[in-house]
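Notes to accompany the following structure.
All values derive from a computational prediction rather than experimental measurement.
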Amino acid sequence: KEKVARPCAFPAAMHTCTSRHFSSAPVRRGQASRRPRRVAQRMAVDTVDKLISSSAIPPQLPRDDFVDHIMKWASIEFCHSGDYTVPMRVEPVEGAPGQLQGFTVWLAQLDGAGKEEEVTAMRFHFDEDESNFCMTKVATGIEVTHGEDVLVQHLKFVAQKTAAAIDSYYTFGTALDGGEDF
């Protein structure tokens, strides 16, 4: 790394730091910086689902109860709690006819007319042999037109909160904190 100058809080003072993001020329307070502006990356339009994580589930754990319980929790948390600024919907994922294999949390954005358009989703489901519970980013093929940072933040919330609910299910036998039941 090379030493470069950048403005300091004191008038007409110079401060030296080591950073590759600044030019090598000294910059005095009030002058324009020569570093390039960072441009926010756009959310990629996915055409293939992307596996985010997979966790082994003990064979003693009843699959139907586990998925049903976590899906009910997700519906309450993401659709009915009012804690989120992005409209969300929880949809069941069926494996064999009548068998619940997981669920999908859909996130929507509002278009100019105020209509909700589902643009991205996170799916929580068992794999084919039901030994692992997977978290997958769903490829919708839809471009996010505005509010990308909010949608990305909400995707992170969905992933983190669902992981915490699964931990709570292991600990208390329910997805709700403190061992409460539905």
Could you check whether any side-chain N or O of Q101 sits under 3.5 Å from a backbone N or O of V93, counting only pairs where one atom can act as donor and the other as acceptor? no

What is the distance from atom CD1 of I166 to atom OG1 of T171, rounded to the nearest 0.5 Å? 12.0 Å

Does this structure show an ion pair linking R89 with E91, if we count only N-O contacts that are shorter than 4.0 Å? yes

Modelled atom types, side-chain donor and acceptor of R123 and T104, under 3.5 Å: yes

Look up atom OG1 in T162 and atom CG in D167, then write down how far apart they are to the nearest 0.5 Å. 11.0 Å

Is the number of heavy atoms from other residues, nucleotides or ligands within 6.0 Å of CD (E128) greater than 12? no

Considering only heavy atoms from C-beta outward, does the side chain of N132 approach that of F126 to under 4.5 Å? no

So, do F133 and F66 have ring centers that fall under 6.0 Å from each other? yes

Distance-minimising heavy-atom pair for S131 and D129: OG-OD1, 2.9 Å

When you measure from the side chain of T136 to the backbone of V138, do you find a donor-acceptor pair of N or O atoms at a distance under 3.5 Å? no

Shortest non-hydrogen contact between C134 and L51, atoms and distance: CB-CD1, 3.7 Å

To the nearest 0.5 Å, what is the distance between CH2 on W73 and CG on D68? 14.5 Å

Please assess H125 against F103 for the test ring pair (Phe, Tyr, Trp, His ring centres under 6.0 Å), listing each intermediate value before the final yes or no. CA-CA 6 Å; H125 59 94; F103 60 93; 9.8 Å; no

What heavy-atom pair brings E116 and P87 nearest, and what distance separates the two atoms? OE2-CB, 3.4 Å

Starting at OG1 of T120, measure out to CG of L155 and round the result to the nearest 0.5 Å. 4.5 Å

When you measure from the side chain of D49 to the backbone of A139, do you find a donor-acceptor pair of N or O atoms at a distance under 3.5 Å? yes

Give the minimum heavy-atom separation between A159 and M135, together with the two atoms involved. CB-SD, 3.4 Å

Flag yes if Y84 and V150 sit in one hydrophobic cluster, no otherwise; membership is Ile, Leu, Val, Met, Phe, Trp, Tyr, and two members link when side-chain heavy atoms are under 4.5 Å apart. yes

Judged by modelled atom types alone, do Q109 and E148 share a side-chain donor-acceptor pair under 3.5 Å? no

Any non-hydrogen side-chain atom of L151 less than 4.5 Å from a side-chain atom of V119? yes

Just so I know, are the side chains of I70 and F124 near enough to count as touching, which here means a heavy-atom distance under 4.5 Å? no

Beyond-backbone contact of L107 with E118, side-chain heavy atoms, under 4.5 angstrom: no

Can you name the nearest heavy-atom pair linking H80 to S75, along with the distance? CD2-O, 3.2 Å

Assess the residue pair M122 and F78 against the criterion (side chain to side chain contact (heavy atoms under 4.5 Å, CB included)); give the C-alpha distance rounded to whole Å, side-chain angles, the decisive distance to 0.1 Å, and a yes or no. CA-CA 12 Å; M122 191 72 73; F78 301 127; over 6 Å; no

Sub-4.5 Å side-chain heavy-atom contact between D83 and F157: no

